[in-house]
Asks: 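Take this structure, written in structure tokens, and hold onto it; I'll ask about it next.
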Number of protein chains: 2
Amino acid sequence: MSPPLPRDPIADAQRNWESHGWSDVAAPMAAITAIMRTQQILLARIEGALKPFGLTFARYELLALLSFARSGALPMNKASALLQVHPTSVTNAVDRLQTAGLVVRSPHPTDGRTTLIELTAEGRTLAKRATAVLNAEVFGQSGFGENDVNQLIRILGDFRRGAGDFTD
Amino acid sequence: MSPPLPRDPIADAQRNWESHGWSDVAAPMAAITAIMRTQQILLARIEGALKPFGLTFARYELLALLSFARSGALPMNKASALLQVHPTSVTNAVDRLQTAGLVVRSPHPTDGRTTLIELTAEGRTLAKRATAVLNAEVFGQSGFGENDVNQLIRILGDFRRGAGDFTD
DNA sequence: TCCAAACCGTTGGATGTCCTAGTATATTGC
DNA sequence: GCAATATACTAGGACATCCAACGGTTTGGA
């Protein structure tokens, strides 16, 4: 990794915004930029932890989702909705997981338009092992304090609800 | 946009983690997943606001960075470090910005290895206009409460410092 | 009943990110 | 002074995401 910068570039950006007369939006700008950067850091950690399994985060998420489905199978559109990604992203992930023998596609029993994604035994095993590693290496060492974790869950939950992700 | 889900999928995932005996990492998992999703939502908003300008977020960030540099020019490696992205990503962005006439590459006066990226007059104008729209449509309507914005800045700042982004 | 509208998944294209490797230029050390 | 090492940028490839468009299936209103 590159050496740390001597200054926080996002704090600098916030100061730049303020000195240009955009003080009213400088703080949200900094918060949003920080979210972008944090996501990048976390994604890199996750991908690193999953690499030994030949998985990417997108594929892992799909495997994990399937492993929590009672039947171990879900329609593609359902997976797309729950993972909140474009249907074509699911198609892409399923293609690769299927090639790797971790899932199979099967026709929906009553709706000819729908395709079910089903976990194979291998897929289920790999999901378990990958989850164990992610828990140990990423989620268990996030670097967030316990209080901050709860703050994040609350703040981002409010945001996502407000953005129309879900109602409850 | 797709209709809201009846339940928060991340809260469901957290419950799944807890019911599988991973209670100790369920909350960080939920927080991290929420950051991923939030980033996706924000990025979509930003890209939507920038689309009329023919800009993407990656290209906008570079333009904005250059516009705050006193001379309006920066070495590529400096831009890469400040934006915290891979050098090849900067090469990619500069290629497209240069094609669009928004920046130009010029040789470094003393170091033959280094290339300077310089804002053109058009680039400077477009950066200004794009920033105004981003401020009005995205940062000014983030959906985060003022208190939450400050919490995010503090929490994510701590995280980024801990991850080695910067020291101060 | 039957055809138009809605829905589902896939294909093809554009963009961005990273990694690895390669070329050119600087710097260091003997 | 010259070879070895380090640094800067770029080329090519793998992946993921989105959008637009297409063909097959289902549904619903005339």
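For clarity, every value in this text was computed on a predicted model and none was experimentally measured. Each chain gets a letter, A, B and so on, in the order its sequence line appears, and its residues count up from 1.
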Asks: Between B/His108 and D/dA8, does any side-chain N or O lie under 4.0 Å from OP1 or OP2?
Replies: no
Asks: Would you indicate, yes or no, if C/dT10 has its OP1 or OP2 atom less than 4.0 angstrom from a side-chain nitrogen or oxygen of A/Thr91?
Replies: yes
Asks: In whole angstrom, what separates B/Leu83's CG from C/dC18's C1'?
Replies: 16 Å
Asks: Can you tell me if A/Asn16 and A/Trp22 form a side-chain donor-acceptor pair at under 3.5 Å?
Replies: no
Asks: Does the base of C/dC19 carry an N or O that pairs as donor and acceptor with the side chain of B/Thr88 under 3.5 Å?
Replies: yes
Asks: When the ring planes of B/Phe159 and A/Phe144 are compared, do they come out parallel, tilted or perpendicular, using 30° and 60° as the limits?
Replies: parallel
Asks: Without decimals, in angstroms, what is the distance between B/Glu47 CD and C/dT17 C1'?
Replies: 13 Å
Asks: For A/Ile46 and D/dC15, give me the distance from atom CD1 to atom C1', rounded to whole Å.
Replies: 16 Å
Asks: Do any side-chain nitrogens or oxygens of B/Asn77 fall under 4.0 Å of OP1 or OP2 in D/dC9?
Replies: yes
Asks: Return whichever of A/Phe57 or B/Val90 has its heavy-atom-nearest nucleotide of DNA chain D closer to the 5' end.
Replies: B/Val90
Asks: Could you please spell out the steps behind the side chain to side chain contact (heavy atoms under 4.5 Å, CB included) verdict for A/Arg15 and A/Asp12?
Replies: CA-CA 5 Å; A/Arg15 277 185 283 273; A/Asp12 282 347; 2.8 Å; yes
Asks: For B/His86 and A/Leu116, take the nucleotide of DNA chain C holding the closest heavy atom to each; which residue's nucleotide lies nearer the 5' end?
Replies: A/Leu116
Asks: Starting at CD1 of B/Ile117 and ending at P of D/dC9, how long is that distance when rounded to a whole Å?
Replies: 8 Å
Asks: Do A/Asp8 and B/Arg161 sit within salt-bridge range, that is, some charged N less than 4.0 Å from a carboxylate O?
Replies: no
Asks: Of the nucleotides C/dC8, C/dT10, D/dT26, which one has an atom closest to the side chain of A/Asp111?
Replies: D/dT26
Asks: In whole angstroms, how far is the P atom of C/dC7 from the CE atom of A/Met76?
Replies: 18 Å
Asks: Between D/dT17 atom C1' and A/Asp95 atom CG, what is the distance in whole Å?
Replies: 15 Å
Asks: Take atom NZ of A/Lys51 and atom P of D/dC15, then tell me their distance rounded to the nearest Å.
Replies: 10 Å
Asks: Looking only at side-chain N and O atoms, does A/Gln40 come under 4.0 Å of OP1 or OP2 in C/dC18?
Replies: yes
Asks: When you measure from the side-chain N and O atoms of B/Thr56 to the phosphate of C/dG16, is any distance below 4.0 Å, counting only OP1 and OP2?
Replies: yes
Asks: Verify whether one side chain among B/Arg96 and B/Asn92 offers a donor that lies under 3.5 Å from an acceptor in the other.
Replies: yes
Asks: Show your working on salt bridge (charged side-chain N to carboxylate O under 4.0 Å, His left out) between A/Asp168 and B/Arg7 and close with a plain yes or no.
Replies: CA-CA 6 Å; A/Asp168 79 11; B/Arg7 309 160 52 73; over 6 Å; no
Asks: With respect to the phosphate group of D/dA14, does any side-chain polar atom (N or O) of A/Arg59 fall under 4.0 Å of OP1 or OP2?
Replies: no
Asks: Starting from P on C/dG13, measure out to CG on A/Asn92 and report it in whole angstrom.
Replies: 15 Å
Asks: With distance as the sole criterion, do the side chain of A/Ser89 and the base of D/dC18 form a donor-acceptor contact below 3.5 Å?
Replies: no
Asks: Contact class for A/Thr110 (heavy atom, under 4.0 Å): base, sugar-phosphate, or nothing?
Replies: sugar-phosphate
Asks: Output yes when at least one side-chain N/O atom of A/Arg113 is less than 4.0 Å from OP1 or OP2 of D/dT27, else no.
Replies: no
Asks: Under 4.0 Å between a side-chain N/O of A/Arg96 and OP1 or OP2 of D/dA16, yes or no?
Replies: yes
